[in-house]
Structure formats: C-alpha cells, structure tokens
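These notes are about the structure you will find just below.
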2 protein chains.
Amino acid sequence: MTERLVKAFLKPLQKEEGLNISGGKRGRITIHEVASAAGVSISTASKALNDTGRMGAETRERVKRIAGEIGYRPNALARGLLSKRSFTIGLLTNDTYGRFTLPVMAGISDALVDHGVSVFLCAIEDDPALAQTHVDAMLDKQVDGIIATGKRLDRRLPVDLSNLHVPVVYAFTEGTQNSVTFRSDDEQGARLAVEWLVKVGRRRIAHITGPEDFFSVRERAGAYHEVAGHREPVLYGVWSESWGHDAVEQLWKRPGEKPDALFCGNDQIARGAVDALRERGIKVPQDVSVIGFDNWEIVAAQTRPPLTTVDMELKELGRQAGLTVLALAEGRPVEPGVRKLPCRLVVRRSCGGKPPEE
Amino acid sequence: MTERLVKAFLKPLQKEEGLNISGGKRGRITIHEVASAAGVSISTASKALNDTGRMGAETRERVKRIAGEIGYRPNALARGLLSKRSFTIGLLTNDTYGRFTLPVMAGISDALVDHGVSVFLCAIEDDPALAQTHVDAMLDKQVDGIIATGKRLDRRLPVDLSNLHVPVVYAFTEGTQNSVTFRSDDEQGARLAVEWLVKVGRRRIAHITGPEDFFSVRERAGAYHEVAGHREPVLYGVWSESWGHDAVEQLWKRPGEKPDALFCGNDQIARGAVDALRERGIKVPQDVSVIGFDNWEIVAAQTRPPLTTVDMELKELGRQAGLTVLALAEGRPVEPGVRKLPCRLVVRRSCGGKPPEE
DNA sequence: GTCAAGTGAGAAAAGGTTTTCTCATGCAAT
DNA sequence: ATTGCATGAGAAAACCTTTTCTCACTTGAC
C-alpha cells in the first residue's frame, strides 16, 4: 500500500514510472548548461541570449539555437535579485465575492501578461492583521508594485500602503494623498442611464438605489436629478433584490401617477423591481422601463427581460491600473491624481429602444 | 504642471515631499546592515536570525533585537535562489466568473498564508496559448507548485501539466493519471438533498438539472434515482434560470399528479423554478419544496424564499489542495488518487423543515 | 605545562544571472 | 616593424542569503 507513496525532490534520480505527481527541481537547466553545450562562457551565453554585448553573429545564433533546443529558461529569482525587478505585482482586495475584483484582475492580467508580469491575489477580509501579513509576504517577495482594490469607492483598505518602498496604485477604492487612483465615472454612467430612458420616451423616471452614505450613490443621484429633474423621488435603501421589490411596492401604493421608468442603483435592485412589476401585472418594457447599474452578467442577463444596464468597464480600469503600476515600477513618470473612467451603456431588453448603431 | 511628475527609483536620494506614489527600492535593508549595526559578521547575523548555528545567547538576542529595530526583512528572492523554495504557488483556472475559483482560492490562501506562501492567480479562458504563457511565467518564477482548477469536474484545462518539474494538484477539474485530485462528492451531496426532501415529507420528487454530458449531472441523477426511486422523471437542460422556469412549465402541463418537490441541479435552475411556481400561484414551500445545489449565496440567499441548497465546501477543498501541494513541495509523501470531499446541506426556507440541531 | 574537547564567531562558497572590465587577436595605417 | 584600434570572448564582481568549514580561544583533565 505504501509502495505507491511518492516523494517529491528525492535526492537520488528516481525512475520515472509515470509518477508525474512529484516534480523535483533537479532537472532545471541553467545558463551554465547552455554555455557548455555551445562551447562558450556563461557571460557570452548571457549576452547572446539578451542581445547585448559584442560578439560574432554566428556565435549569437548558435547560443540562441542551442538554448532553445535544450529548453533553457532563465531563473527569474536570480534575475530579479540582480535587476531589482521581480516581474511580479500584488493585487490586494477586500471584495470577497469578487464582484468587482475579478474583472479588475482580468484587466490587470490581460495588460501585464505580455510584459511577463504575474499577479499575486490577496483577499483580505477587512482584517487588518491578515492584510499586513499579505503585504509583508509580498514585499519580501520583492513585488514590483501593488494594486489596491475594493468593493467601494469611498472606503480605504484596512492597511496603510502609503509609505511602502514600492509603487501603489488604487483601483475602485479610496486612495491616499498624492497617489494614483482609478475609478469609474458614476456621474457620467448615471447620466447615460437616465438619458437613455428619456430617449426611449420616458418622462416620469424614479430612482431606486442603495444606501445614501455611499459616495457613488450620491453621485448617481446627483446626475439623475440633473437630467430627470426633481419630479420623482429618490428611494434610498440597500443593495438587494428585496429592496428593489419593496421599493416598487412603495411607489405603486402612493396615490397619483405612477412612474413610467425606474433607474435602479444596481442590477440586483433592478431585478427585484422587475419581479415586483411582473407580479403586479405591469409589463416591462411596454408599460415601464427599468434600467440597472453594474452589468453583472449573472444578474442582468438572467433577468426576464434581460436588463439594460450601465457597465463600469472594470476590466479596462484594471488594465490601466496594471499599466500604471508597471510604468511606476520602471521609473517612468506618472501624474498623481484621480482618474475617472467612463461607463458604457449596455442595451438589452428591459427599457425597449434599439441599441445605438455600431 | 510637470513639476508634479514623479519618478520611481530615482538614483539620487530624493526629498520625500509626501510623494508616496513612487516607491524606490533604494532603502531596502539587507542582512549586511543588520550585521554591521550589531557589530557581527553576516554569517553570525544569519545564524542568529534563523536560530541556527552556535553562538552566545546574548549575541543572538542582540542581533534579533537590532534586526527588529531597523526593520530588516529577508529578501525572499535571494533566499529562494539558495533554498530552491520560492514560497509561491500558482493557481490556474479557466473559470472566468470565479463562481468556483474564488472559494477555492480563498481556501488555498487561508491554508497557506501562515506558511508564508503567496498565490499567483492565472485566469486562462480556455486559451491554450495564454495558458502556456502563464505556466511558463510561473515556472520561471520558480513556483513551488501549481494547483489547477476549473468550472467542471470532467474537463481538463487546455494545457498539459503532467510533466512539469514542480508538483501539480487538481481541484475541481479533471486531473491526469497518477495525480492528486480533489473534488466534491456530488453523489453524497445529491443524496443529502433528496433525503432532506423525503424527511420533510415529500414523495413525488422531480429532478430538474443541467446537461446530461456533465459527469456531475449524471452522478447527482444517479443518487437521486437511488433515493427517490424512478417515480418522477429527470429533466435535463442547461444551467440557467430560464431552464428552471421552462422545466416547471413542462412538468405542470403534463396530465396527472404534480410533483410535490423539485431537486434542482443548481441554484439558478432552482431560482427559475421558484419563480415559475410563484407565477402559477403555487406556494413554496407550503405546496412544493424546492432544493438547489451549489449554495451560490448571491442566488440562493436572494431568492424568495431563500433556497435550501447543497454546499460543495469549495473553500475546504481549496484548503486541502493548498496543504497537499505544500506537502509535495516539501517532499512529504502523498498518496495519488481522487479525493471526494463531502457536501453540506444548507437549510434555508424553500423546503420547509427545520435546520438540523447544531 | 601539555593536550583534548568544546565554544563562539568569521571566511568563503553556493545559488543563477547580468554587467563591467580586461585581454588577446587580427587588421589597417604609419 | 611598430602603433592604434576594432572585435570577439572570457573573468570576475555583484545581487542577498544560507550553510559549511575553519580558526582562535577557553576550559578541564592529566
């Protein structure tokens, strides 16, 4: 029974009987192997492979060819030790569900993979000690930079990143003085939504949204008032379907004319609202248009009818944050400040209207 | 205007005018600083800090104290170069939404952070070239191991990890011959679900589930038949709310007795089913019990009524995968094979019945 | 007073790479 | 025949640790 037990990194060269379980770094090929296989010194080999230094074209080619043939790959640890660049960055987040973090992460990764940069993901759940542990671990590993991200624009992560000796970029979370921060332009996004409702012919547009203490809630409400006027009330609540449901109940219980459109603070609220309308026999989008916010596919696309909503372009946000932290790591100049990225309207079926021409 | 531009890693010691944007690794304290501050050689300093070698207790204490005071932290790159351990592992996934990856990641991180291990997250979207790029980048960085995870138990990642010289563990994805694979015990989970329905008094239990080509679908259906018998049909479809909705329509359009319980293949299907039942005026859980699978909080908890469902304990799965890859990296013996982890019943309100005693 | 054993601490090598410096060769110009 | 210079390639240092080896000194025993 214990015969099948295996050990990784056995000292003696074990017979590989299909035991691909183990690994064992023994075999890793170094530049020494390349050099001796090509009959040159390691310095020449290094220069050949990096296209630096002076040497005969034939030598350079031969070294490169041989390196390729024997499958040489430079050890990033050794390289990083010397160059002070680990080609590694850290992504710190307190967003457990990954609603915001995942798209941001995808963008970062997308932007940096071509530069050979890998990303440490550290999920800290609003736990300062855990956060510090993760930050320390990353600093020890000589990350080239850190991107901090969260689930809310107006809150800080529970750890101080302001005096690190590596660059820090904030994405979708509150940054510090003199830092670079990327965020969505919620005002513009809200305007996009309300203008679309106007464009499809709605006039009595109500706004059902999240808790008023969210900065983005106030920004969106501000833009809503600007475009829609003050004819309909703003209903503040929580970020849940059931609040969307309840809010519709409230609105339809009031005397007087009912809204003909609902601008909802996120897709979950919108979904709750759509459900409540259906239960009242009100047709979406024929009788009432409903628009969401976030473009959380899993909610927006599965609602019946699928939700027209505002996408915060978090992937693009991540991409830019990634390129920025890379620029800082390479010592390129970057202007500090808050960068607002525009949102995008995603037209599905909950408002009526046709998608804008491509 | 350009005065505010900043450069990271400026050669000359720049005045820090609150420019916490830049970083600049200049200041990093090495063991040389510790040694000279303590008036000992670097070898003595190293031995003092690592509690190895022989030396006077007083010297050891002094070195440790001074290291703490000046904030010394060993460079993991240099350490890794020598020890062949980078205290870094890679998590490879093709699950874009993170539905399965995030809990697994949380478990891995949770288990390994205390060991000083950080995790590279690599999202490859079924793109073999991208996957290879990521794997190469991780190998170059000398990861101690790789965990492969996916969105489906019976599919491989689009990259061959079978002959790497680092250990590989599979979690929630199909592994290779002679590898270690962790997966949920879907059969046991399904049994848990159906037995619960029986326990709350249901007898005509239908099963609405995903595509039959999913291995886990067949496993769950098998367990369902075992417990519930063959009185009611199994409806195979897709993993969406609308399928859940449609399936209920189908079931209730048939002549004869209707089911008094629905065992759904995932929470989204369950949610669609609940919605369809409500539209028909059928009360959940009074008239019909509905149970889901996955315990995807965002769906299960927001459904009205909140869904009773089966949790696959993915975090625990991640934890075990993390500990296993660590064990392999350290050369400890691990038995290859597939490990099935038990699921857990999460009782909410969609079935009636009381949660089991704590 | 000599020897063996034990103690505290430092010197040096190793790990894999990049980079700077040095050296030898060959060739053209004087 | 000597000088000057361009060229190709290697030696060695550096990055930061850990670990092994060596050395000097003290102590106790004969």
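Below, read A as the first sequence line, B as the second, and so on, with proteins coming before strands; counting in each chain starts at 1. Values below: every heavy atom of this structure, side chains too, minus hydrogens, waters and symmetry copies.
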>> Filter on side chain to side chain donor-acceptor pair (under 3.5 Å), then keep only pairs touching residues 317-329 of chain A, sequence neighbours left out; what's left?
In response: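 Pairs touching residues 317-329 of chain A that pass the test: A:Asp110-A:Arg319, A:Glu316-A:Arg319, A:Glu316-A:Gln320.
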>> My understanding is that only residues two or more places apart in sequence, or in another chain, count here; which of them pass side-chain contact (heavy atoms from CB on, under 4.5 Å) with A:Thr181?
In response: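 side-chain contact (heavy atoms from CB on, under 4.5 Å) check on A:Thr181 returns A:Tyr170, A:Ser179, A:Val338.
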>> Please enumerate all residues that pass side-chain contact (heavy atoms from CB on, under 4.5 Å) together with A:Thr101, with sequence neighbours excluded.
In response: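 In terms of side-chain contact (heavy atoms from CB on, under 4.5 Å), with neighbours along the sequence ignored, A:Thr101 is linked to A:Leu91, A:Thr93, A:Asp95, A:Leu121, A:Thr149.
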Can any side-chain N or O of [X] pair as donor or acceptor with the backbone N or O of [Y] at less than 3.5 Å?
X	Y	result
A:Thr133	A:Ala129	yes
A:Asp144	A:Ile89	no
B:Ser83	B:Arg79	yes

> Got a sec, which pairs hit ring pair (Phe, Tyr, Trp, His ring centres under 6.0 Å) with one end in residues 104-124 of chain B, sequence neighbours left out?
Replying inline: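 Non-adjacent pairs meeting ring pair (Phe, Tyr, Trp, His ring centres under 6.0 Å): A:Phe120-B:Phe120.
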> Hey, can you pull the residues of residues 42-49 of chain B with a non-hydrogen atom under 4.0 angstrom from DNA chain C?
Replying inline: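 Going residue by residue through residues 42-49 of chain B, the ones with a heavy atom under 4.0 Å of DNA chain C turn out to be B:Ser43, B:Thr44, B:Lys47.
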> Looking at DNA chain C, which of residues 53-76 of chain A put a heavy atom within less than 4.0 Å of it?
Replying inline: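 Listed by number, they are A:Tyr72, A:Arg73, A:Pro74, A:Asn75.
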> Taking only residues two or more places apart in sequence, or in another chain, which ones meet B:Phe172 in a ring-ring contact (aromatic ring centres under 6.0 Å, His included)?
Replying inline: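 B:Phe172 satisfies ring-ring contact (aromatic ring centres under 6.0 Å, His included) with B:Phe100 only.
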Going by the salt bridge (Lys or Arg N to Asp or Glu O under 4.0 Å) test, which pairs reach into [range], not counting sequence neighbours?
range	result
residues 112-122 of chain A	none
residues 127-136 of chain B	A:Arg73-B:Asp136
residues 45-56 of chain A	A:Asp51-A:Arg60, A:Asp51-A:Lys64

Take the protein atom [atom1] of [X] and the nucleotide atom [atom2] of [N], then report the distance between them rounded to whole Å.
X	N	atom1	atom2	result
A:Lys141	D:dC15	NZ	P	24 Å
A:Leu77	D:dT18	CG	P	14 Å
A:Leu82	D:dT17	CG	C1'	15 Å
A:Leu81	D:dA13	CG	P	17 Å
B:His32	D:dC15	NE2	P	8 Å

>> Tell me the closest heavy-atom pair linking A:Leu157 and A:Gly150, and the distance in Å.
In response: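 Looks like CD1-CA, 4.4 Å.
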> Going 5' to 3' on DNA chain C, which nucleotide is the first and which the last to come under 4.0 Å of a heavy atom in chain B?
Replying inline: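 Span of nucleotides near chain B: C:dT7 to C:dG16.
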>> When the axes are fitted on five pairs at both termini, how much does the helix from C:dG1-D:dC30 to C:dT30-D:dA1 curve, in 10° steps?
In response: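 The angle separating the two end axes equals 70°.
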>> Set out, in order, the CA-CA distance, both residues' side-chain angles and the distance that settles side chain to side chain donor-acceptor pair (under 3.5 Å) for A:Ser118 and B:Lys141, then state yes or no.
In response: CA-CA 9 Å; A:Ser118 306; B:Lys141 281 157 194 145; 2.7 Å; yes
>> If you assign each of B:Ala78 and B:Val40 to its closest nucleotide in DNA chain C, which residue comes earlier from the 5' end?
In response: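 Nearer the 5' end of the strand: B:Val40.
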